[in-house]
Amino acid sequence: MRRLRRLAHLVLLRPFARGPQQGRLPGLRVKYVFLVWLGVFAGSWLAYVNYSSYTELCRGHVCQAVICDQYHKGIISGSLCQDLCQLHKVEWRTCLSSVPSQQVYSGLWQGKEVTIKCGAEEASEAAPRRELVLFDKPARGTSIQEFREMTLSFLKANLGDLPSLPALVGKVLLLADFNQDSRVSLAEAKSVWALLQRNEFLLLLSLQDKEHTARLLGFCGDLYVTEGVPPGSWHGAAPLLRPLLPPALHQALQQWLGPPWPWRAKVAIGLLEFVEELFHGAYGTFYMCETTLANVGYTATYDFRMADLQQVAPEAAVRRFLRGRRCEHSTDCTYGRDCRAPCDQLLRQCKGDLLQPNLAKVCELLRDYLLPGAPRELRAELGRQLRTCTTLSGLASQVEAHHSLVLSHLKTLLWKTISNTKYS
């Protein structure tokens with residue numbers, strides 16, 4: 001009887017007993033609630049930052065409104081104007097802008113994937129560019145001969161005094177006469193003059209015959225379209241996230257999202273050929289003043305295309321910037337992001353030769369792009385050649401023969417690896 005009473009007592013108490021597992025449940029719930037709240041807060045913050053970045057970076061609608069306003073007033077013209085402003089046949093898609101002053105969008109025009117580019121230095125909702133003097137030249141009454149001379153002087157100032165410049169002036173006039181009526185109207189002249197003020201357009205025009213630059217397809221005022229953004233390039237991948245990510249994570253993502261190694265080798269060969277194209281071309285020498293993987297684009301068949309020419313500079317422009325410039329350190333002699341010249345400590349002036357030529361900077365880039373995942377039998381030799389390449393200096397005495405030899409050896413090594421395969 002006593003044993004039955006004790007058993008009944010234990011049964012009655014057990015539902016109210018708190019085991020160690022039950023005692024931990026409220027604490028676990030608090031942790032879960034905190035983690036959920038933290039996730040919601042972080043997500044909201046990222047959404048806010050991305051929205052703020054988007055509204056600041058992506059102002060294509062302002063560009064279009066201002067350009068079309070100028071077109072409807074008869075101030076500008078171009079092969080793109082009617083489709084852009086009257087027929088609305090230009091489709092604006094993804095915003096790819098990385099800085100507010102250069103609006104970049106992927107788009108569709110005449111059934112082709114295109115990249116739309118428009119300057120927006122001072123454009124805003126409240127004060128579109130109608131007040132600005134973007135299209136103030138040439139003035140009314142300027143003859144075609146005067147415009148030709150004006151264009152030639154501009155090209156000489158930016159590209160140097162080259163014997164090939166008259167031919168480039170001819171290209172400019174041919175481009176301006178988009179309707180092929182054998183005359184250049186004031187609106188056409190104003191449009192092409194405004195385009196020439198944009199560094200990337202000037203580079204596109206100068207390198208239009210080269211294999212590794214995007215083709216110019218049309219323009220309206222200083223808005224222009226080129227071949228579409230190369231698929232798979234980092235330039236088109238989540239541009240609004242790029243400012244939020246540290247450089248190391250950028251590099252890891254670029255490698256992870258990039259193509260298999262043999263395709264990377266083919267892209268690298270194209271990049272090396274582009275370096276050759278920039279050196280002593282028909283319209284002078286050009287310097288790459290921001291060498292990053294963001295500018296490494298390629299077609300569907302992995303042929304290299306320079307995704308952004310904004311930071312490629314004519315030699316004449318760089319030398320003009322350095323000439324007589326006062327300095328304390330070599331950092332004071334930097335054009336763009338990484339076109340740096342030595343500082344003469346005696347004269348306290350910048351020297352004319354750059355510390356690193358295009359090839360050395362590209363080889364630094366290729367070390368991170370090519371060595372991870374390279375075939376084992378190739379890795380040592382490839383690493384050695386890339387190290388040799390990165391030590392090249394920009395001194396004029398080295399540039400001619402030695403650079404050409406290093407570049408040729410590197411291209412041969414890569415071609416030998418992928419030739420006679422589906423990747424060649």
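Because only heavy atoms are used, hydrogens play no part in the values below, and waters and symmetry mates are left out as well, while side chains stay in. In this text the structure is predicted, and so the values were computed from the model without any measurement.
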- Message: Keeping T213 on the side-chain end and L207 on the backbone end, is there a donor-acceptor pair under 3.5 Å?
- Response: yes

- Within-4.5 Å side-chain heavy-atom neighbours: C363 and L359: yes

- Look only at the side chain of H212 and the backbone of D303, and say whether a donor-acceptor pair between them is shorter than 3.5 Å. no

- Item | Heavy-atom check, side chain of F304 versus side chain of I269, under 4.5 Å | no

- With sequence neighbours excluded, what pairs up with Q197 under the side-chain hydrogen bond (donor to acceptor under 3.5 Å, both in side chains) test? none

- Item | Counterpart residues, side-chain hydrogen bond (donor to acceptor under 3.5 Å, both in side chains), relative to Q82 (two or more places apart) | none

- Query: Hey, does L216 have a side-chain heavy atom less than 4.5 Å from the side chain of F201?
  - Reply: yes

- Query: Under the side-chain contact (heavy atoms from CB on, under 4.5 Å) test, which residues partner L186, sequence neighbours left out?
  - Reply: P138, R140, K190

- Query: Are any of the side-chain heavy atoms of R337 and T292 separated by less than 4.5 Å?
  - Reply: yes

- Query: With sequence neighbours excluded, what pairs up with E377 under the salt bridge (charged side-chain N to carboxylate O under 4.0 Å, His left out) test?
  - Reply: none

- Those residues that, when tested against Q86, pass side-chain hydrogen bond (donor to acceptor under 3.5 Å, both in side chains) (two or more places apart): none

- Message: Assess the residue pair C343 and C333 against the criterion (disulfide (SG to SG under 2.5 Å)); give the C-alpha distance rounded to whole Å, side-chain angles, the decisive distance to 0.1 Å, and a yes or no.
- Response: CA-CA 7 Å; C343 175; C333 306; 4.8 Å; no

- Does the R367 side chain pair with the main chain of L386, one donor and one acceptor, at a distance under 3.5 Å? no

- Is there a donor-acceptor contact under 3.5 Å from the side chain of D332 to the main chain of R325? no

- Message: Checking Q310 now: which residues fulfil side-chain contact (heavy atoms from CB on, under 4.5 Å) with it, not counting sequence neighbours?
- Response: Q102, N199, E200, D308

- Using modelled atom types only, decide if a donor and an acceptor are shared between the side chain of Q103 and the backbone of R59 within a distance under 3.5 Å. yes

- Query: Mind checking what makes side-chain hydrogen bond (donor to acceptor under 3.5 Å, both in side chains) contact with R326, not counting sequence neighbours?
  - Reply: none

- Residue pairs meeting side-chain hydrogen bond (donor to acceptor under 3.5 Å, both in side chains), one or both in residues 144-157, sequence neighbours left out, come to S143-E146, Q145-E149

- Query: Going by the ring-ring contact (aromatic ring centres under 6.0 Å, His included) test, which pairs reach into residues 146-191, not counting sequence neighbours?
  - Reply: F154-W193

- Quick one: list whatever passes side-chain contact (heavy atoms from CB on, under 4.5 Å) with T334, sequence neighbours left out. R340

- For C81, what residues pass the side-chain contact (heavy atoms from CB on, under 4.5 Å) criterion, not counting sequence neighbours? Y71, C220

- Message: One thing to verify: whether E381 and R384 come together as a salt bridge, which I'm taking to mean a side-chain N less than 4.0 angstrom from a carboxylate O.
- Response: yes

- Compare all side-chain heavy atoms of L293 with those of Y369 and state whether any distance is below 4.5 angstrom. yes

- Message: Does the SG of C350 lie under 2.5 Å from the SG of C327?
- Response: no

- Any side-chain heavy-atom pair from L203 and P314 closer than 4.5 angstrom? yes

- Item | Where at least one partner belongs to residues 160-174, residue pairs that pass side-chain hydrogen bond (donor to acceptor under 3.5 Å, both in side chains), sequence neighbours excluded | K171-D209

- Least distance between heavy atoms, T417 atom then P375 atom: CG2-CG, 4.4 Å

